[in-house]
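Here the structure is laid out as structure tokens; the discussion comes afterwards.
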Amino acid sequence: MSVVEMKTKVDPITLTKGAIEAIIAIREKQEIPKDHGLRVGVKGGGCSGFSYEIGFDEVRDGDDVYEISGLIVMMQKTHALHLFGIEVDWMNGLNNRGFIFNNPNAKSTCGCGSSFST
């Protein structure tokens, strides 16, 4: 009897079409170097305990690196606990403009949606 090992790659985050378009536009407008990818992470602070971080950066030791819709996306391995399954969207309305984080791991969020607790 033979054993078959199957490995599947599941991206830890989802980028909506609107988020991808905004990321590409920001990258072009700010002339971000091609060797920089999109870093998604968390940091302590904010009303609810953790705040989201998003920006362009180089790959560092301890990063997990993914390609999502042609974009290089990275996060520190330790942040996956808080971010796995998150959806990053872009809102471009009259009252609000920016990235929105839909996090299934958040037990509570602040009113503005930029911080959360797990």
Side-chain angles (χ1 to χ4, degrees):
M1 175 176 3
S2 65
V3 176
V4 175
E5 184 177 332
M6 294 179 63
K7 293 184 180 184
T8 60
K9 180 183 173 231
V10 176
D11 293 328
I13 68 171
T14 302
L15 301 172
T16 65
K17 181 180 178 192
I20 292 167
E21 290 170 354
I23 292 163
I24 291 169
I26 292 167
R27 168 178 244 149
E28 290 173 358
K29 184 176 182 180
Q30 295 183 2
E31 298 178 357
I32 305 295
K34 295 292 182 189
D35 64 342
H36 285 56
L38 182 72
R39 178 172 300 282
V40 180
V42 296
K43 66 179 180 178
C47 312
S48 298
F50 292 103
S51 295
Y52 297 106
E53 292 185 306
I54 190 166
F56 295 98
D57 198 1
E58 295 177 299
V59 176
R60 302 182 201 153
D61 288 340
D63 283 344
D64 282 331
V65 180
Y66 306 89
E67 184 176 336
I68 302 174
S69 298
L71 297 171
I72 299 300
V73 179
M74 60 223 164
M75 73 170 64
Q76 290 181 8
K77 291 178 186 199
T78 56
H79 292 193
L81 173 68
H82 303 291
L83 296 176
F84 192 84
I86 194 169
E87 177 190 70
V88 180
D89 196 4
W90 174 259
M91 177 182 284
N92 193 13
L94 293 174
N95 295 325
N96 291 319
R97 181 177 175 192
F99 291 103
I100 299 172
F101 302 90
N102 299 311
N103 189 343
N105 305 305
K107 291 184 179 165
S108 65
T109 60
C110 67
C112 65
S114 65
S115 69
F116 68 101
S117 68
T118 55

**Request:** Evaluate the criterion side-chain contact (heavy atoms from CB on, under 4.5 Å) for residue pair Tyr52 and Val88; output intermediate values, then yes/no.
**Result:** CA-CA 11 Å; Tyr52 297 106; Val88 180; over 6 Å; no
**Message:** Rounded at 0.5 Å granularity, tell me how far CG in Leu15 sits from CG in Leu71.
**Reply:**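 Atom-to-atom, Leu15:CG and Leu71:CG are 6.5 Å apart.
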**Asked** How long is the gap from NZ on Lys34 to CZ on Phe56, to the nearest 0.5 Å?
**Response**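 If we round to the nearest 0.5 Å, Lys34:NZ and Phe56:CZ are 9.5 Å apart.
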My understanding is that only residues two or more places apart in sequence, or in another chain, count here; which of them pass side chain to side chain contact (heavy atoms under 4.5 Å, CB included) with [X]?
| X | value |
| --- | --- |
| Asn92 | Trp90, Arg97 |
| Glu28 | Ile24 |
| Ser69 | Ile20 |
| Glu58 | Asp35, His36 |

**Prompt:** Who passes side chain to side chain donor-acceptor pair (under 3.5 Å) against Asp89, sequence neighbours left out?
**Reply:**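 Scan of Asp89 (side chain to side chain donor-acceptor pair (under 3.5 Å), adjacent residues dropped) gives Thr16.
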**Under the side chain to side chain donor-acceptor pair (under 3.5 Å) test, residues paired with Arg27 that sit two or more places apart** =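 If we apply the side chain to side chain donor-acceptor pair (under 3.5 Å) test to Arg27, skipping adjacent residues, there are no hits.
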**Asked** With side chains defined as the heavy atoms from C-beta onward, is the minimum distance between Phe99 and Ile23 less than 4.5 Å?
**Response**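 Counting from C-beta outward, Phe99 and Ile23 do come under 4.5 Å.
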**Asked** Are Ile100 and Ile54 grouped together when hydrophobic residues (ILVMFWY) are joined by side-chain heavy atoms under 4.5 angstrom apart?
**Response**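 No, no single cluster joins them.
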**Request:** Determine, step by step, whether Ile13 and Tyr66 satisfy the side-chain contact (heavy atoms from CB on, under 4.5 Å) criterion, reporting the C-alpha distance in whole Å, the side-chain angles of both residues, the deciding distance to 0.1 Å, and the verdict.
**Result:** CA-CA 9 Å; Ile13 68 171; Tyr66 306 89; over 6 Å; no
Ignoring hydrogens and angles, write down the donor-acceptor pairs under 3.5 Å from the side chains of residues 72-79, residues two or more places apart or on other chains.
unit_1	atom_1	unit_2	atom_2	d
Gln76	OE1	His79	NE2	3.2
His79	ND1	Val42	N	3.1

**Request:** Identify the two heavy atoms, one from Ile32 and one from Ile26, that lie closest to each other, and give their separation to 0.1 Å.
**Result:**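 Answer, listing the atom of Ile32 first, then Ile26: CG1-O, 4.5 Å.
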